[in-house]
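Notes for the one structure printed next.
Source: prediction; values computed, not measured. Quick note: residue numbers are just sequence positions, from 1.
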Amino acid sequence: MTHHQDIPRPEHPRPQFVRAEERWLNLNGSWQFERDPSDSGLERGLVGRELEGSILVPFCPESELSGIADPDWHEAVWYRRTVELPDAFPEGDRVLLHCQAVDHDATVWLDGVEVGRHRGGHTSFTLDLTDALAGRRSGTLVVRARDPRHEPLPRGKQATWFANTHCQYTRTTGIWQTVWLESVPTAYLERPRITPDANVALDLDATVRHGRVGQRVRAVLSDDAGQVAVAETRVGLQMVPRLRLEVPEDRRRVWQPEDPHLYGLTFELLDAGGEVVDRLDSYAGLRTIAVEGHKVLLNGRPVFQRLVLDQGYWPESLMTAPSEEALVRDVELGLAAGFNGARIHQKIAEERFLHHCDRRGYLVWGEFPDWGVSGQGPAGHNQKPGATFVAQWVEAVERDYSHPSIVGWCPLNETHQYLHDRFTVLDDVTQAMYWATKGMDRTRPVIDASGYSHRVPTTDVWDSHDYTQDPREFAQVMGGLATGRPHTNTGENTGSAVPGAPDYSTPYAGQPYFCSEYGGIWWVPPQERTEEDATNDEGESWGYGNRPADEEEFYSRAEGLTRVLDQDPLMFGYCYTQLTDVFQEKNGIYAFDRSAKLDMERVRAIFDHPSAYEAAG
C-alpha cells in the first residue's frame, strides 16, 4: 500500500510490531475540526453533522503546524473525516483503529455509533471498527476529545494557567500522535512481550485474539547470518502462548550502548494446516539489568548512566515531533553532547522515539506525566493523584515493555508531600503504581518517585534533585552517600535540604543512588539575548541560579557540578537538566530550535568523562 509522503508523519507509528505494508493505512492529514468551548457538542448534534473548520492531524490545535495555533484552553474539540478501506484490506478481515495519543478523554463514533472511549492523554489505544462497519468499505469517523481545565488530571508539563511560565508550557488538546487503521484476520496476534533472560535466551508472550483450536504460534529469531533460533507452541494451552528462543553461544551478541545489536524477530500465527494466518515483524535486544548493592548493572557490568532530561517539546508542534527526522535528531544531539541516555521527562515517548533509542543504544528511563494535581491534598502545595494514574501508567508499561533501551521505570516525579500521621491518597497511589510496575515487569528497576516523596521503603532505586549552582556547595550537599546519608529532598519545595523541615520520604535503605536532576544552568548566548533574557523572574527567560557572566563560566560551572557526581564511586549515574531550551526555560544544552548554543566539543568533554563508578568495577 502507498503511504503518501505529502501527509505529516507518514511512517509506521509502531515500528517494533509491524504487519505487511498493505495491511495498514495512515489517517494523518486534513480532518474537519470544531472547538466546543462549553462541551455541549453532543447535545448540539456534532456527532452527526459537518464541522466548521479543519485541522492537520496529528498536530494539536494549540500548535502552529495544526494550522490553528490557538493556545487558549479547549474544554472539548471535535474531529471528523471519511475513511475508505483500501482494496488491499481483505474482505472478512477485522478493521482496527489505532490512536497513538489523544489528550485527554476520547470518545469515537463511526457513522453515529459509539465504538469506544479512552482516558489518558499520553497512552495509545485500539478500537475494533468491524461490527460498526457491518460489511461496508467506508464510514465517517468522529472523535471528541475532552480536556477539562479545572479537573485534576495527569498533564505533565502542560500549564494549568494560561501563559507559559517557569517550567510549564503550552497545553496539548486532542489528537497529537498518528491515527491509523489496520487490517487483521479474525484470529490475530496482539502486541507480544519480549523478555531477555540472562543474555542466553528470549522469553516471548504472544497473545492471540480470537484464537482457535489447532492454531499454533511460531517465533523466528534472526541476525545478519540468517536464522538463529525458532520456537513453536499451540494456541489454547494457556491464556497466553509462551515461547522460548535459546540463542546459541556463537550467535549471542548483547545489546549495550557501544554496540546496540538488534536481532530480527518474526511472530507467525499458523492454522491447523500450517498456513500463515497472521504475521508480525519485530526485533529484540539481548540484555539484562540487575541491582547489586549500590550498583545498577547492565549485562552484568556497571555502566555509568550519563542521562539528560528530555522534555520532548518543539516550537512549532509542541509535544508532537514535527517529523521522523526530528525524533532521530534528538537522540543524535544527546549522544553528541556526551550523554548515553535520557530521562524522558513528564511525557510518555512516542514509540518511534524509543525505536531510535533501541537502534542507537540510548538508555531511557520511562516516566509518567503525573504533574497536574498539585495543591489538592493536605499540608499545602502537594499532589493528590487518582486511580486514573494507575490505569494509565499500566497501559504505558505494557505498551513499551519490549524496548531494550528502557532500563528503568519512573511512575512519579517530585510528589512533594510531607509524611503525615495518617495515610494519604498519595501514599496509596505511590504504592499502587510501584507494585503494579513490579508486577508487570520483574526485569527492570523501578523508582517509586523521582525526587521528594520516596514512600516505598523497598524501592529499587533512590534519588534526589538539587539545583545548587556552586560546585563546592554542591559537593557538600551530595557528599553524604559514603556514610549512608545521601542528600534527600526536604523543605518548602526548594529542591534542597532544609534543616528541621518535615520529611517527604521514608529513610534511605542503601539502594543504588543517583542525582536525577541537577544543573539547569541558565544560558542564552549574548548575541541572541532579548529584553526577556535580562531577568530570571517567572514568566520571563529563566534557568536555575544566576546566569553565568560568560561562556567560560558556564563550562566551569557545568564541569564542576558534573565532577561531583561522576567522581563519586557510589553514584551510578546522573541526569543533567536539560537537552534543549523549552519556551522561556533557557537552560538547555541546545536552543529550542535545536541549534547549538555552546562549543559542543567542550560540552562533550564535560559529560563524556570517565566515572569513578565504572573504574571501581
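Remark: the backbone N or O of V446 is not paired with any side-chain donor or acceptor of K438 at under 3.5 angstrom. Between the side chain of Q567 and the backbone N or O of P610 there is at least one donor-acceptor pair closer than 3.5 Å.
You'll find the ring centres of F572 and F304 outside the 6.0 Å limit. With ring centers used as reference points, H98 lies under 6.0 Å from W180. Note: H609 and F607 fail the aromatic proximity criterion, with ring centroids not under 6.0 Å apart.
Contacts classified as side chain to side chain donor-acceptor pair (under 3.5 Å) and involving residues 286-295 (residues at least two apart or in different chains) are not found. The list of salt bridge (charged side-chain N to carboxylate O under 4.0 Å, His left out) pairs with a residue in residues 314-326, not counting sequence neighbours, reads E324-R352.
Checked against side chain to side chain contact (heavy atoms under 4.5 Å, CB included), L56 has the following partners two or more places apart in sequence or in another chain: P8, F59. Residues satisfying the side chain to side chain contact (heavy atoms under 4.5 Å, CB included) criterion with Q16, sequence neighbours excluded, are I194, S282, Y283, S402, H403, P404. With sequence neighbours left out, D568 forms a side chain to side chain contact (heavy atoms under 4.5 Å, CB included) with L481, L570, M571. Evaluation of the ring-ring contact (aromatic ring centres under 6.0 Å, His included) rule for F267 yields no partner, not counting sequence neighbours. By the side chain to side chain contact (heavy atoms under 4.5 Å, CB included) test, E395 is found to be paired with H118, T123, residues two or more places apart in sequence or in another chain being considered. For S63, there are no side chain to side chain donor-acceptor pair (under 3.5 Å) partners, not counting sequence neighbours. Under the side chain to side chain donor-acceptor pair (under 3.5 Å) criterion, H454 pairs with D448, D463, not counting sequence neighbours. Contacts of Y188 classified as ring-ring contact (aromatic ring centres under 6.0 Å, His included), with partners at least two apart in sequence or in another chain: none. In this structure, W371 has no ring-ring contact (aromatic ring centres under 6.0 Å, His included) partners at least two apart in sequence or on a different chain.
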Which pairs of donor and acceptor atoms, one on a side chain in residues 244-251, lie under 3.5 Å apart (sequence neighbours left out)?
unit_1 : atom_1 : unit_2 : atom_2 : d
R244   : NE     : E246   : OE2    : 2.7
R244   : NH1    : D197   : OD2    : 2.8
R244   : NH1    : D203   : OD1    : 2.8
R244   : NH1    : D203   : OD2    : 3.2
R244   : NH2    : D197   : OD2    : 2.9
R251   : NE     : D223   : OD2    : 3.0
R251   : NH2    : D223   : OD1    : 2.9
R251   : NH2    : G226   : O      : 3.3
R251   : NH2    : Q227   : O      : 3.2

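No donor-acceptor contact under 3.5 angstrom links the side chains of T172 and D103, judged on distance only.
Relative to the ring axis of Y401, R193 places its NZ or CZ within 45° and under 6.0 Å from the centre.
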